[in-house]
Amino acid sequence: MFLASIFAVALAALPSTLAQADYSAAHNVTPISGTWSSGSKKVVTGPGFANPANMTFNYPPVTGVSYAFTDDGWYEVARYRFNGNGSMPNCITGVLNWHHGHYTLNDNGSITLNPLSDGFQQVQDPCAAESNFIEQYNQTELYMGWQIFQDLNDGPKLHIFQADGTPVAPLFQVYSTANMLPTQLLRNISVTVTDKTTLSKRNAGSRSWTPTGVTSLVSGVFAIALASMFL
């Protein structure tokens, strides 16, 4: 929380040219459009990560986050992460998350992501009553600021700060264009709560719902979670 507060104060003190995301400024060496990925760059937006039509995921080999932005206001987000539990170290939660929609670069330097209604996420918690489920995800996200630097080894590097000032893991440009699924509603939305039994039957053979797939993911959590949480 202390570090988050420092970031919040620092961003509030930025000169107006940077706060308004001036592409010609030293801290924005390239437009935000393109495809960005954290860490090992194994989590990337687009068809290789999620299939919204049947609400399934293709598991990347490691955790990470990816953002893609077009020049005309579309975005896509792909996330794969583990959330630790300090009081119960064995209860590490795995989350895969995907959503897309329209983004706005606000005058105060913040970014607003307004999703379409077909976003979804899968949650695995070995200590919960329901250890594996998929639910819709359609939350508007606000980021209080962003900057793009030139990394000597990896090229353009995007820093995004969440609404409370917490930084997202540094993002490196994978492609100069947006790698994303079609910019339209990709699933017919008729319910607000996903029924796990229905999904299990519909996705027969999918890693998301077979016992083998669940066992593989949960067992893998304890092997790589500590390292993956720093990506």
Side-chain angles (χ1 to χ4, degrees), residues 3-50 60 62-81 95-115 119 137 139-181 183 228-231:
L3 289 177
S5 298
I6 292 177
F7 278 113
V9 171
L11 280 174
L14 286 174
S16 60
T17 53
L18 292 182
Q20 294 178 8
D22 181 359
Y23 293 146
S24 66
H27 288 67
N28 287 287
V29 297
T30 185
I32 198 171
S33 56
T35 304
W36 307 82
S37 180
S38 68
S40 60
K41 308 172 189 173
K42 298 297 184 182
V43 176
V44 179
T45 53
F49 180 76
V62 296
T63 59
V65 60
S66 179
Y67 291 75
F69 301 95
T70 67
D71 290 325
D72 58 352
W74 287 92
Y75 82 89
E76 182 171 315
V77 175
R79 298 189 185 103
Y80 180 29
R81 67 183 185 274
V95 180
L96 295 104
N97 174 279
W98 176 90
H99 56 100
H100 70 161
H102 300 278
Y103 75 93
T104 302
L105 299 180
N106 303 310
D107 290 340
N108 63 358
S110 64
I111 304 175
T112 304
L113 305 185
N114 296 298
Y137 181 91
Q139 298 181 15
T140 297
E141 297 184 358
L142 175 66
Y143 296 86
M144 67 177 298
W146 60 283
Q147 299 174 337
I148 300 175
F149 298 90
Q150 184 70 24
D151 186 273
L152 294 178
N153 296 317
D154 293 297
K157 180 171 65 172
L158 171 63
H159 292 262
I160 302 179
F161 300 89
Q162 299 179 47
D164 63 355
T166 303
V168 174
L171 299 159
F172 299 94
Q173 191 173 64
V174 181
Y175 308 111
S176 60
T177 57
N179 183 60
M180 57 174 57
L181 292 167
T183 53
S228 298
M229 288 174 68
F230 293 97
L231 293 176

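Atom set for the values below is all heavy atoms of this structure, side chains included, hydrogens, waters and symmetry mates excluded.
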Separation between [atom1] of [X] and [atom2] of [Y], rounded to the nearest 0.5 Å:
X      : Y      : atom1 : atom2 : value
Met144 : Gln162 : CE    : CD    : 11.0 Å
Tyr175 : Ser37  : OH    : OG    : 9.5 Å
Leu142 : Leu113 : CG    : CG    : 8.5 Å
Ile32  : Gln147 : CD1   : CD    : 11.5 Å
Leu158 : Ser38  : CG    : OG    : 11.0 Å

_Suppose the criterion is salt bridge (Lys or Arg N to Asp or Glu O under 4.0 Å): which pairs have a residue in residues 143-154, not counting sequence neighbours?_
Lys41-Asp154, Asp151-Lys157
_Pairs flagged by salt bridge (Lys or Arg N to Asp or Glu O under 4.0 Å) wherever residues 170-179 is involved - sequence neighbours left out_ = none
*Tell me, yes or no, whether the heavy-atom count around Asp71 atom CG, taken from other residues, nucleotides or ligands under 6.0 Å, exceeds 12.*
no
Heavy-atom side-chain contact between [X] and [Y] under 4.5 Å:
X      : Y      : answer
Pro60  : Val43  : yes
Tyr75  : Pro115 : yes
Thr112 : Thr140 : yes

If you take all heavy atoms of [X] and [Y], which pair is closest and at what distance?
X      : Y      : answer
Ala78  : Thr45  : N-CG2, 3.8 Å
Ala178 : Phe69  : CB-O, 3.4 Å
Ile148 : Pro156 : CG2-CB, 4.3 Å
Tyr80  : Thr63  : O-CB, 3.0 Å

_Side-chain (Glu76) to main-chain (Leu181) donor-acceptor, under 3.5 angstrom_ = yes
*asked:* With a 3.5 Å distance limit and no angle check, can you tell me whether Thr35 reaches the backbone of Thr177 through a side-chain donor-acceptor pair?
replied: yes
_Checking Trp98 against Phe49 for the side chain to side chain contact (heavy atoms under 4.5 Å, CB included) test, could you report, in this order, the C-alpha distance in whole Å, the side-chain angles of both residues, the deciding distance, and whether it holds?_
CA-CA 8 Å; Trp98 176 90; Phe49 180 76; 4.2 Å; yes
_Quick one, Val174 with Asn179, criterion side chain to side chain contact (heavy atoms under 4.5 Å, CB included). Give me CA distance, side-chain angles, the key distance, then yes/no._
CA-CA 9 Å; Val174 181; Asn179 183 60; over 6 Å; no
*Answer yes if the ring centres of Trp146 and His159 are under 6.0 angstrom apart, and no otherwise.*
no
*Test Thr70 against Ser33 for side chain to side chain contact (heavy atoms under 4.5 Å, CB included), laying out the working first.*
CA-CA 5 Å; Thr70 67; Ser33 56; 6.0 Å; no
*Any idea how Trp74 and His102 line up, ring-wise: parallel (<30°), tilted (30 to 60°), or perpendicular (>60°)?*
tilted
*If the plane angle is over 60° it's perpendicular, under 30° parallel, otherwise tilted; pick one for His99 and Tyr137.*
tilted
*Go through the steps for Leu171 and Val65 under the test side chain to side chain contact (heavy atoms under 4.5 Å, CB included), then give the verdict.*
CA-CA 8 Å; Leu171 299 159; Val65 60; 3.8 Å; yes
*Side chains of Thr104 and Asn106, donor plus acceptor under 3.5 Å*: no
*asked:* So, using side-chain hydrogen bond (donor to acceptor under 3.5 Å, both in side chains) as the criterion, who are the partners of Tyr143 when residues are at least two apart?
replied: Tyr67, Arg79, Glu141
